[in-house]
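All values derive from a computational prediction rather than experimental measurement.
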Amino acid sequence: ASRGLGDVYKRQGLTSIPYLHAYPSDGNFVLCRILSDLTASDLTDKLFNGFGILVNDCSRKKGLDGSFVRIASRTTEENIELVQALKNIV
């Protein structure tokens, strides 16, 4: 049986980001709620402009607000880079 993406990110440190709550996922993405004053727009801008990393701002998705982003699965190296970038954003 394959592991869900949530398991991949847990092993690679996504759960170490204090301002994010990652919801369990068996798909190729993880839905995360931002637990700080950052908005989804702020976070996606910082990741793209500072690190060249794209994540999906979910603020316009039905049932979600400006505190949700969706992170897609990439290679192990890219996932680690994402976690490092998230750690560098305050």
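A distance of 9.0 Å separates CG of Asn49 from OG1 of Thr44, quoted to the nearest 0.5 Å. Expressed to the nearest 0.5 Å, how far CG of Leu14 lies from CG of Asn79 amounts to 9.0 Å. Rounded to the nearest 0.5 angstrom, Tyr19 OH and Leu43 CG are separated by 5.5 Å.
Of all heavy-atom pairs between Ile17 and Lys87, the closest is CD1-CG, 3.3 Å. Closest approach of Val55 to Leu82, counting heavy atoms only: CG1-CD1, 4.3 Å. The minimum heavy-atom distance linking Cys58 with Val69 is given by the pair SG-C, 3.9 Å.
Residues Asn56 and Phe29 have side chains not in contact (no heavy-atom distance under 4.5 Å, counting atoms from C-beta outward). At least one side-chain heavy atom of Leu86 sits less than 4.5 Å from a side-chain heavy atom of Leu47.
Other members of the cluster containing Leu54 are Phe48, with ILVMFWY side chains joined at under 4.5 Å, either directly or via other members.
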If you look only at distance, which donor and acceptor atoms sit under 3.5 Å apart when one is on a side chain in residues 30-40 and the other is two or more places apart or in another chain?
| from | atom 1 | to | atom 2 | distance (Å) |
| --- | --- | --- | --- | --- |
| Arg33 | NE | Ser67 | OG | 3.3 |
| Ser36 | OG | Leu38 | N | 3.2 |
| Thr39 | OG1 | Ser41 | N | 3.4 |
| Thr39 | OG1 | Asp42 | N | 3.0 |
| Thr39 | OG1 | Asp42 | OD1 | 3.4 |
| Thr39 | OG1 | Asp42 | OD2 | 3.2 |

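Take Glu78 and apply the salt bridge (Lys or Arg N to Asp or Glu O under 4.0 Å) test, not counting sequence neighbours, and it matches Arg74.
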